[in-house]
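Accompanying notes for the structure given below.
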Amino acid sequence: MKKAIHLTSKERQIYLALLSPEQRKILNEYRKYKYNSEVLTEFSQSGGDWKFLEMQINYNYDPSHPQDSTLKCSCGKGVKYLYYCQSNITGEVLGFGSEHLKQEAGISNAVVREILNGQHKIDRGLDEILYWYARGYTFPKLMYEFIQEFAFDYEVEEYFKAKDLKFLAAFEEQNLPIYNRDYKKLEKLVQDVNSRKSREEYERKLEEEEKLRQEREKKERQERKKREREEAERRAEEERKAKLEKAKKEAEIKKLKAKFKYYLDEQASWEEKHQANLEERSNQIDSSKRKQTLRKDFSGLANKRKEVTRRARLLFDKLFDEETSEMYALDPDDYGLILVLYGILGQGKTKAHESVNIANVAVGFVTRLAKKFEYPVKQTDQELYQLYDKLVGILLSKGVIRRQGNRVVYAVNIR
């Protein structure tokens, strides 16, 4: 791991998502340990009036909106790095940003620069861990096992503190690649120890590790290609189903348009005629507000007429198929027929056991609709009453309505 890595915030979030919760926990603990140990060293060497306690980091810090940071310097300014220090004189504990380390804590510019440089190196090193883990690199197990088996304690202590060894063990358990600086230390330690051991055996093990790594990468590539192939097949199947569904809906719409063609054409003719009347009336009015109201009223009337026609025809289709229509000589394109049916069945909303609308109510309803919406009802009032009796008889035979004593009531709920 020799390449210097500089991840963007988005890349860092993507790579972090690849880690398990336990891996992220270990990585965050190690980051905190590295920060605090580096800063503690610099403070210890500065010899000021303040003692360093702990540093906290806001990983979501936005330089363009520092005021939104959850970490605040004692001066109130939002910061990414906050250093908690205790006065050696008063014992007071305060949090400082990097600028106030110089101004309030009396830390020299040189020491602050060293601290910030250390932070930068640690961030870059941890980015490297994420970068290489995302590319299949894991903990250097062979080197670690090698020093555990062959290195003396004094040799290990020359490179690693007890706390560092604790994190090495944690990284091994989570199979994470290690911090670049630690990797180099481990590599140098192995080299030192290997000078007392057989280089041939060591190289053989390294070759095995490389072979295992290559086999793992090969397997991962195969699995990735398999996933990609399965994903492509899944998308193709979804697209095929979507096309079928779209074709099915278009066919249904086409079928409905063909079925409702008479009513659609009649509605269009009605709107065209009344639109011409509307424009003529509008031209005779000076007030723009009254013109707007006139157009709005016409639009509402047209939509209401269209909705009544649609619901009446759908109610007919719900109750009568083509075979039944032919048997009883029922013409679905007959306004008088569908509107009488609509009136009998309470405008398509019935409740079981309620009384069916009597002839006067149903025929009167049709007459009012025909007058209000200028429906082309061809039947006379007497013919509408005859149509009422015919439909009631058919509905009784179909069980939609039934006789209950002296009354005729709805046998089912219709919505």
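All of these numbers come straight from a predicted model, not from anything done at the bench.
Checked for salt-bridge contact, E307 and R310 meet the test: a charged N lies under 4.0 Å from a carboxylate O. Taking 4.0 Å as the cut-off between side-chain N and carboxylate O, R213 and E209 do not count as a salt-bridged pair. A salt bridge between R234 and E231 is present, with a side-chain N of the basic residue lying under 4.0 Å from a carboxylate O of the acidic one. Using a 4.0 Å cut-off between charged nitrogen and carboxylate oxygen, E354 and K349 do not count as a salt-bridge pair.
Across every non-hydrogen atom of A312 and L339, the tightest pair is CB-CD2, 4.3 Å. The nearest pair of heavy atoms linking E22 to Q174 is CG-NE2, 3.1 Å. What you find for S325 and F320 is that their closest heavy atoms are OG-CB, 3.8 Å. Between G136 and E220, the shortest heavy-atom distance links the atoms CA-OE1, 4.5 Å. Nearest heavy-atom pair, Q404 versus V409, reported as atom, atom and distance to 0.1 Å: OE1-CG2, 3.8 Å. P177 and Y133 make their closest contact through CD-CD1, 3.6 Å (heavy atoms, listed as atom of the first residue, atom of the second, distance).
With values rounded to the nearest 0.5 angstrom, Q56 atom CD is found 4.5 Å from Y84 atom OH. In this structure, CD in E172 is found 11.0 Å from CD1 in I178, a value given to the nearest 0.5 Å. For the atom pair CG of L341 and CG of L387, the computed distance is 9.0 Å after rounding to the nearest 0.5 Å. In this structure, the separation between CG on L82 and OG on S74 is 8.5 Å, given to the nearest 0.5 Å. Atom CG in L168 sits 10.0 Å away from atom CE in M143 (nearest 0.5 Å). Note that CZ of F365 is 11.5 Å distant from CD1 of I344, once rounded to the nearest 0.5 Å.
Partner of E266 under the salt bridge (Lys or Arg N to Asp or Glu O under 4.0 Å) criterion, out of R305, K261, K273: R305 alone. For the ring pair (Phe, Tyr, Trp, His ring centres under 6.0 Å) with Y263, the qualifying choice from Y335, Y375, F373, F316 is Y335, the only one to do so.
Within the 3.5 Å criterion, the main-chain N or O of G343 finds a donor-acceptor partner in the side chain of N357. Judged by distance alone, the side chain of S69 and the main-chain N or O of V79 form a donor-acceptor pair under 3.5 Å. With hydrogens and angles disregarded, no donor-acceptor distance shorter than 3.5 Å links the side chain of K77 to the backbone of G97. Looking at Q86, its side chain never comes within 3.5 Å of a backbone N or O of V93 through a donor-acceptor pair.
At most 12 heavy atoms of other shown residues, nucleotides or ligands fall within 6.0 angstrom of atom CD in E173. In the displayed structure, E322 atom CD is contacted under 6.0 Å by at most 12 heavy atoms of other residues, nucleotides or ligands. Dense packing is recorded around CD of Q222, with more than 12 heavy atoms of other residues, nucleotides or ligands lying under 6.0 Å away. For R24, the CZ atom sits in a packed shell: over 12 heavy atoms of surrounding residues, nucleotides or ligands are nearer than 6.0 Å. For CD of E230, the number of neighbouring non-hydrogen atoms (other residues, nucleotides, ligands) closer than 6.0 Å is greater than 12. Enclosure of atom CG in D265 by more than 12 non-hydrogen atoms of other residues, nucleotides or ligands within 6.0 angstrom is indicated.
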Item to complete: Evaluate the side-chain contact (heavy atoms from CB on, under 4.5 Å) criterion for residues N60 and T70: first the C-alpha distance (whole Å), next the side-chain angles of each, then the deciding distance (0.1 Å), finally the verdict.
Response: CA-CA 9 Å; N60 297 317; T70 54; over 6 Å; no
Candidate pair Y81 and L71, rule side-chain contact (heavy atoms from CB on, under 4.5 Å), full reasoning:
CA-CA 8 Å; Y81 301 100; L71 299 180; over 6 Å; no
For a side-chain contact (heavy atoms from CB on, under 4.5 Å) check, start with the C-alpha distance between F160 and L186, then their side-chain angles and the critical distance, and finish with the verdict.
CA-CA 9 Å; F160 297 101; L186 190 62; 4.2 Å; yes
- Taking it one step at a time, do R311 and Q347 satisfy side chain to side chain donor-acceptor pair (under 3.5 Å)? CA-CA 8 Å; R311 291 177 61 187; Q347 302 175 45; 5.8 Å; no
Full working for salt bridge (charged side-chain N to carboxylate O under 4.0 Å, His left out) between E238 and K241: CA-CA 5 Å; E238 286 182 351; K241 289 181 178 179; over 6 Å; no
_As a quick check of understanding, evaluate ring-ring contact (aromatic ring centres under 6.0 Å, His included) for Y179 and F167, giving each step before the final call._
CA-CA 10 Å; Y179 187 54; F167 277 107; over 10 Å; no
- Message: Pair L330, I394 - check side-chain contact (heavy atoms from CB on, under 4.5 Å), show working.
- Response: CA-CA 11 Å; L330 302 176; I394 296 171; 4.1 Å; yes
- Message: Please evaluate residues E187 and Q191 with respect to the criterion side chain to side chain donor-acceptor pair (under 3.5 Å), reporting the C-alpha separation (whole Å), side-chain torsions for both, the decisive distance (0.1 Å), and the verdict.
- Response: CA-CA 6 Å; E187 196 172 42; Q191 290 173 359; 5.0 Å; no
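Considering only heavy atoms from C-beta on, K372 comes within 4.5 Å of L301 through its side chain. Taking 4.5 Å as the limit, every side-chain heavy atom of L369 sits out of range of all side-chain heavy atoms of V377. Counting only heavy atoms from C-beta outward, the side chains of Y410 and L345 approach each other to under 4.5 Å. No side-chain heavy atom of L142 sits less than 4.5 Å from a side-chain heavy atom of V190. Counting heavy atoms from C-beta on, the side chains of K161 and K166 never come closer than 4.5 Å. Taking 4.5 Å as the limit, every side-chain heavy atom of D68 sits out of range of all side-chain heavy atoms of D62. Between L315 and I338, the closest side-chain pair of non-hydrogen atoms is not below 4.5 Å. Residues V408 and L395 form no side-chain contact, since every pair of their non-hydrogen atoms from C-beta on lies 4.5 Å or further apart.
Of the N and O atoms on the side chains of Q214 and E210, at least one donor lies less than 3.5 Å from an acceptor on the other residue. With no hydrogens or angles considered, no side-chain donor-acceptor pair links E128 and Y183 at under 3.5 Å.
The aromatic rings of F139 and Y144 lie perpendicular to each other, with more than 60° between the two planes, well past the 30° mark.
Aromatic rings of Y30 and F171 (six-membered ring for Trp) have centroids within the 6.0 Å cut-off, being under it.
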